[in-house]
Amino acid sequence: MDYAISPAPKTDTVLMTLREMISRRVPATTMIDVPTVREFVTAVNLDSPNHPVSALLVGAHANSEGKWFIPLFAGQTDNAKKLTNRTDFENLQQTLEPGALTKQIRVDASTVGFTAPPPTAVFQIKGCNLGKSKPFLVKLKEALGGRMLVSAPKHFQGAYGSPVPGNLGSFEFMSYEFQVQTPARKNGSKFTGFTSRADLIAAFVAADHQYLSGRVPDADWEALVPKKNFNQTQTFAYRASLGGTFAGQTDLVMSPNPKTGLGGGRQFRYYLATTTWPMPMPAGNQAAKEATLKSKIATDDPRFASTHAWPFYERIGFGSLDEYMAGHHWTFEKKAAIGRRVEYTVVIPVTDTSGATPTLFFNFFPAPGAAQALVTKLPPGDPRFYEVV
């Protein structure tokens with residue numbers, strides 16, 4: 001028997017669909033409704049009649065910066081010592097501290113039938129892009145006791161409910177998430193990103209993003225970057241061929257929500273990211289103020305040390321503290337320094353382009369009574385789709 005946890009507020013339709021999908025997987029998977037990973041692992045460790053377990057699944061939002069939107073343990077706090085339901089690298093480290101008995105998430109050897117390396121049971125994460133954060137996965141494997149492999153998607157995690165009567169079920173698919181960022185620019189009383197579409201396209205070209213089949217052709221960015229209003233989020237309908245008839249459908253049509261305009265199959269996201277560093281107004285000109293801030297960050301926040309196991313600046317796409325400073329527009333106020341950068345993200349489904357028509361890579365998990373059987377075109381452990389450590 002396998003086990004899963006997927007806290008899903010009824011207001012979060014994505015997580016609700018993901019939860020349904022997980023509950024329909026094969027082999028049969030028991031959902032354990034607890035709020036933390038520690039309580040989940042503890043419950044599985046105690047269920048000895050059903051050992052050994054081949055897989056543990058966690059369905060929760062995540063991103064490529066190593067942010068996992070589920071708490072490891074009760075009372076979890078962030079870097080500012082505030083309670084949080086979000087897990088980052090430092091929270092994983094906390095579970096490994098001496099005496100941290102109420103924070104540990106270790107899986108017992110008997111739970112997964114572990115006797116000697118390499119492990120065979122898998123801790124599977126269903127959450128967007130966390131597979132791009134390999135240091136996070138390596139630390140999570142250590143926190144779990146090293147007795148399980150850890151797997152996470154390298155791409156955006158998609159879930160879509162089939163509405164066809166007699167063929168109800170859940171489609172699982174993935175989407176590329178291509179991103180570039182730039183220091184924010186002051187535009188009157190507001191901040192924005194690139195001032196020309198040509199410069200934005202040039203940034204995507206320079207980023208050397210990759211399809212499964214190879215480098216994204218330069219010409220594709222002309223279609224993927226909106227011709228108007230590129231400094232705002234936009235979503236578009238996307239029709240994805242299934243390469244045949246599955247669950248009574250030949251295509252998945254992923255359209256934006258008519259009320260919110262969000263959730264289309266092809267997306268262009270614009271995000272003004274802001275970071276605040278509490279500090280008195282430093283002396284000097286802009287360059288002197290930034291130098292003072294850089295020194296403060298290096299001194300006060302160990303996450304920015306180059307010797308850190310996974311420096312914070314690397315998590316958000318910078319190679320050094322110097323790049324982090326240069327990658328933001330900095331303003332200095334009486335009690336704080338504020339850094340701003342703009343992130344642009346293109347989201348488009350991952351398709352198989354080896355044939356005449358691009359077809360969607362997908363899994364289908366049938367609901368009870370569905371005529372369509374299980375379909376697996378995103379096989380677990382496939383390195384095109386998952387990072388496994």
Chemist: Just by distance, no angles: are the side chains of Thr192 and Asn187 close enough, under 3.5 Å, to form a donor-acceptor pair?
Modeler: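 Judged by distance alone, the side chains do not pair up.
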
Chemist: Other hydrophobic cluster members with Phe156, side-chain heavy atoms of Ile/Leu/Val/Met/Phe/Trp/Tyr under 4.5 Å, chained?
Modeler: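 Other cluster members: Val347.
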
Chemist: Sort and list the pairs that fulfil ring pair (Phe, Tyr, Trp, His ring centres under 6.0 Å) and have at least one residue in residues 364-389, not counting sequence neighbours.
Modeler: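 Sorted pair list: Phe171-Phe364, Phe361-Phe385.
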
Chemist: Go through the side-chain N and O atoms of Arg147 and Thr111 and say whether any donor and acceptor fall under 3.5 Å apart.
Modeler: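 Not at all, the side chains of Arg147 and Thr111 share no donor-acceptor pair under 3.5 Å.
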
Chemist: Name each donor-acceptor pair under 3.5 Å that joins a side chain in residues 237-251 to protein atoms two or more places apart or in another chain, with its distance.
Modeler:
from: Ser241; atom 1: OG; to: Gly243; atom 2: N; distance (Å): 3.2
from: Gln249; atom 1: NE2; to: Ser162; atom 2: OG; distance (Å): 3.2

Chemist: Which ring pair (Phe, Tyr, Trp, His ring centres under 6.0 Å) pairs, counting each pair once, include a residue from residues 101-137, with sequence neighbours left out?
Modeler: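 For residues 101-137: none.
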
Chemist: Parallel under 30°, tilted from 30 to 60°, perpendicular over 60°: which one fits the rings of Trp277 and Tyr324?
Modeler: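 Ring orientation of Trp277 relative to Tyr324: perpendicular.
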
Chemist: Check Gly327 against Arg341 and note the closest heavy-atom contact, atom names and distance.
Modeler: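 Closest approach of Gly327 to Arg341, heavy atoms only: O-CB, 3.4 Å.
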
Chemist: Can you pull out every ring pair (Phe, Tyr, Trp, His ring centres under 6.0 Å) where at least one residue sits in residues 247-270? Sequence neighbours excluded, please.
Modeler: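 Qualifying pairs, neighbours excluded: Tyr270-Tyr344.
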
Chemist: Ion pair present between Glu222 and Arg197, side-chain N to carboxylate O less than 4.0 angstrom?
Modeler: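 Yes, Glu222 and Arg197 are salt-bridged.
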
Chemist: Run the salt-bridge test on Asp78 and Lys82 with the 4.0 Å N-O cut-off and return the result as yes or no.
Modeler: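 Result for this pair is no, no salt bridge flagged.
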
Chemist: Taking salt bridge (charged side-chain N to carboxylate O under 4.0 Å, His left out) as the criterion, tell me which of Lys81, Arg315, Lys67, Arg303 meets it with Glu90.
Modeler: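 That would be Arg315.
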
Chemist: Taking 4.0 angstrom as the limit, do Lys126 and Glu172 come out as a salt bridge?
Modeler: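 Yes, Lys126 and Glu172 are salt-bridged.
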
Chemist: Taking the six-membered ring for Trp, are the ring centroids of Phe89 and His308 within less than 6.0 Å of each other?
Modeler: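 Judged by ring-centre distance (under 6.0 Å), Phe89 and His308 do meet the cut-off.
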
Chemist: I'd like to check the ring pair (Phe, Tyr, Trp, His ring centres under 6.0 Å) partners of His61; sequence neighbours left out, ordered by chain and number.
Modeler: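 Result, ring pair (Phe, Tyr, Trp, His ring centres under 6.0 Å) vs His61: none returned.
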
